[in-house]
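Accompanying notes for the structure given below.
On a predicted model such as this, the values are computed, not experimentally measured, just so you know. Note that these values count all heavy atoms, side chains included, but never hydrogens, waters or copies made by symmetry.
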There are 2 protein chains.
Amino acid sequence: MTETPGSRRPGGRTSKTRAAVHAAVRELLVAHDGALPTMADVATASGVHLATLYRRWRTPQTLVLDVAIDDLNDRQPIGASGDLRKDLLAYTVRLADWVASPGGPAFLRTIIAAASSSEAAAGTTLELINRRLDGFQRILDAAGATELTPLDVVDLLLAPVYLRALMSQPLAADGPEPERLVANVLAVLDARRRSETPEPERAER
Amino acid sequence: MTETPGSRRPGGRTSKTRAAVHAAVRELLVAHDGALPTMADVATASGVHLATLYRRWRTPQTLVLDVAIDDLNDRQPIGASGDLRKDLLAYTVRLADWVASPGGPAFLRTIIAAASSSEAAAGTTLELINRRLDGFQRILDAAGATELTPLDVVDLLLAPVYLRALMSQPLAADGPEPERLVANVLAVLDARRRSETPEPERAER
DNA sequence: ACCCTATCGCGAATTCTCTTGCATTAAGCC
DNA sequence: GGCTTAATGCAAGAGAATTCGCGATAGGGT
């Protein structure tokens with residue numbers, strides 16, 4: 001009863017319906033410009049029965065979240081070449097590109113909503129965040145930027161890009177703004193290196 | 001027909017129901033830890049009839065947005081004393097305090113959702129944003145920080161605070177993080193001043 | 001190949017969300 | 001005070017959204 005459907009027999013039929021549903025969700029997200037699709041629409045678009053959708057996913061939110069996680073996992077890992085500016089810029093441009101893509105804002109909003117709704121979904125999003133933080137740590141390590149933490153990168157790069165997308169004013173991936181954000185990171189790094197003399201406190205929680 | 005109820009006779013009864021509804025919404029936000037209240041709950045909690053709620057506000061989102069705007073209008077204007085660090089820090093602390101308060105995340109999420117839903121709500125949020133930008137401009141003008149724009153403040157201060165709150169990991173208003181964020185702003189300002197009036201002797205270590 | 005049962009399709013039942021006329025109250029204006 | 005009508009309360013009801021029981025299908029282990 002409390003068993004999650006699809007986790008015990010992930011084989012042929014189950015994965016097939018899952019794929020059909022995911023395809024339908026992506027299609028609907030594009031068609032409706034990122035609006036949350038209804039269960040009924042997904043059912044007709046995918047050919048999967050309505051009751052099955054409710055049994056496996058409960059809500060449209062978890063449905064979209066499921067698709068979003070798939071997308072995020074498919075993405076290439078962040079490159080850590082040792083060139084801080086280059087790595088961060090590549091990451092920022094890719095991020096800006098993604099959030100501006102059709103369905104991007106919907107994914108973001110869904111993740112946001114999930115982070116504060118069900119317990120399970122919150123755990124999932126936390127896992128996503130941690131994976132992102134690990135990638136940042138690799139970039140910083142490769143560049144020897146020990147004065148910066150992954151959270152700094154979140155504050156200086158990820159947060160602005162996300163917030164603008166959420167406010168319906170995404171920044172252009174091919175514009176000057178990604179470079180400006182990366183320059184901000186470098187400026188902060190530089191400032192911290194300058195004040196190398198007295199280390200008053202370690203700002204971490 | 002297309003008339004917005006409550007705008008033509010804003011007097012005694014109308015304002016009374018409005019106050020009752022607002023109080024109920026705040027109460028429910030606290031009780032449910034920031035979750036979006038249902039129309040039915042607001043109706044019973046406020047004593048205002050369900051049909052009235054639907055007629056005046058249409059959705060729970062616009063309801064919460066209405067309350068949020070009230071709150072934002074009640075806040076004191078941002079002080080522009082000329083001391084950049086002090087002004088920004090005061091603002092950041094106040095902001096962090098607010099988003100961590102009960103209902104704060106719900107307000108944020110609602111504003112986010114509103115920015116991408118109805119036309120009218122999007123206009124309202126845009127107005128809110130612009131008012132905020134004006135405040136930032138005043139702070140920057142008073143401090144003579146012509147190298148920074150209000151958007152920089154959004155990217156460096158507002159975005160991180162908001163995003164953390166949305167990710168259910170609000171930063172503590174009394175912790176070291178507000179100071180770190182403000183320090184980031186000052187670092188960026190410093191870097192831009194250096195690049196515009198290049199000092200010949202840059203002691204590199 | 002066989003068995004066990006997880007998963008699915010189907011349709012009906014149930015529970016919500018939201019709307020709509022109509023009567024009632026009271027705001028604003030003279 | 002009296003008139004007009006905006007705003008509300010009330011109750012019925014249309015329309016979705018969500019759940020449930022049952023039988024059918026097919027996965028995974030033996």
Side-chain angles (χ1 to χ4, degrees), chain A residues 1-25 28-29 31-32 35-67 70 106 110 113-114 117-118 120-121, chain B residues 1-25 28 32 35-67 70 106 110 113-114 117-118 120-121:
Chain A
M1 265 324 197
T2 6
E3 206 64 55
T4 301
S7 64
R8 199 184 279 247
R9 277 185 188 175
R13 182 169 60 161
T14 298
S15 69
K16 198 178 169 190
T17 63
R18 180 184 163 97
V21 168
H22 276 211
V25 168
L28 289 173
L29 279 176
H32 293 78
L36 209 61
T38 68
M39 289 300 226
D41 283 348
V42 176
T44 56
S46 65
V48 174
H49 198 272
L50 189 61
T52 301
L53 296 181
Y54 277 109
R55 275 192 279 248
R56 282 189 63 175
W57 286 280
R58 301 276 319 203
T59 67
Q61 280 85 12
T62 56
L63 198 46
V64 175
L65 186 62
D66 202 28
V67 175
D70 245 33
T110 304
S117 61
S118 75
Chain B
M1 262 323 207
T2 6
E3 206 64 55
T4 301
S7 65
R8 200 184 279 246
R9 277 186 188 175
R13 182 168 62 162
T14 298
S15 70
K16 198 179 171 191
T17 64
R18 179 184 164 98
V21 168
H22 277 212
V25 168
L28 288 173
H32 293 74
L36 206 62
T38 67
M39 289 300 228
D41 283 348
V42 175
T44 56
S46 65
V48 174
H49 200 271
L50 189 61
T52 301
L53 296 181
Y54 277 110
R55 276 193 278 249
R56 281 189 64 175
W57 287 281
R58 300 279 313 186
T59 67
Q61 279 85 13
T62 55
L63 198 46
V64 175
L65 188 62
D66 201 29
V67 176
D70 245 32
T110 303
S117 61
S118 74

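Comparing atom distances between the B/Y54 side chain and each of C/dG9, C/dC8, C/dC18 picks out C/dC18 as nearest. Distances from the side chain of A/A51 to the nucleotides C/dC18, C/dC8, C/dG11 place C/dG11 closest. Of the candidate nucleotides C/dC18, C/dG28, D/dA11, C/dG28 has the atom lying nearest to any side-chain atom of B/P10. Distances were taken from every side-chain heavy atom of B/M39 (C-beta onward) to each of C/dC18, C/dC10, D/dG9; the shortest belongs to C/dC18. When distances are taken from the side chain of B/T38 to each of D/dT8, C/dC8, C/dT17, the shortest belongs to C/dT17.
Side-chain contact check for B/T17 versus B/T52: every heavy-atom pair is 4.5 Å or farther apart.
With rounding to whole Å, A/W57 atom CH2 is found 7 Å from C/dC8 atom P. Here C/dA26 presents its C1' atom at 16 Å from CZ of B/R8, a figure rounded to the nearest Å.
When heavy atoms are screened at a 4.0 angstrom cut-off, B/A40 is found touching no nucleic acid atom at all. Counting non-hydrogen atoms under 4.0 angstrom, B/R58 reaches the backbone sugars and phosphates but no base.
The shortest non-hydrogen separation linking B/L53 to B/M39 is CD1-O, 3.4 Å.
Interatomic distance, CG of A/L28 versus OG1 of A/T38, reported as 7.5 Å (0.5 Å rounding).
With hydrogens and angles left out, the side chain of A/R55 and the base of C/dG9 share a donor-acceptor pair within 3.5 Å. Contact annotation: side chain of B/R13 to base of D/dT8, donor-acceptor pair absent below 3.5 Å.
One N or O on the side chain of A/T62 and one on the backbone of A/W57 form a donor-acceptor pair closer than 3.5 Å.
For A/G47 and B/T14, each mapped to the nucleotide of DNA chain C holding its nearest heavy atom, the one lying further toward the 5' end belongs to A/G47. Toward the 5′ end of DNA chain C lies the nearest nucleotide of A/T52, the other residue of the pair B/L50 and A/T52 mapping further downstream.
A close approach under 4.0 Å does not occur between any side-chain nitrogen or oxygen of B/T17 and OP1 or OP2 of D/dA7.
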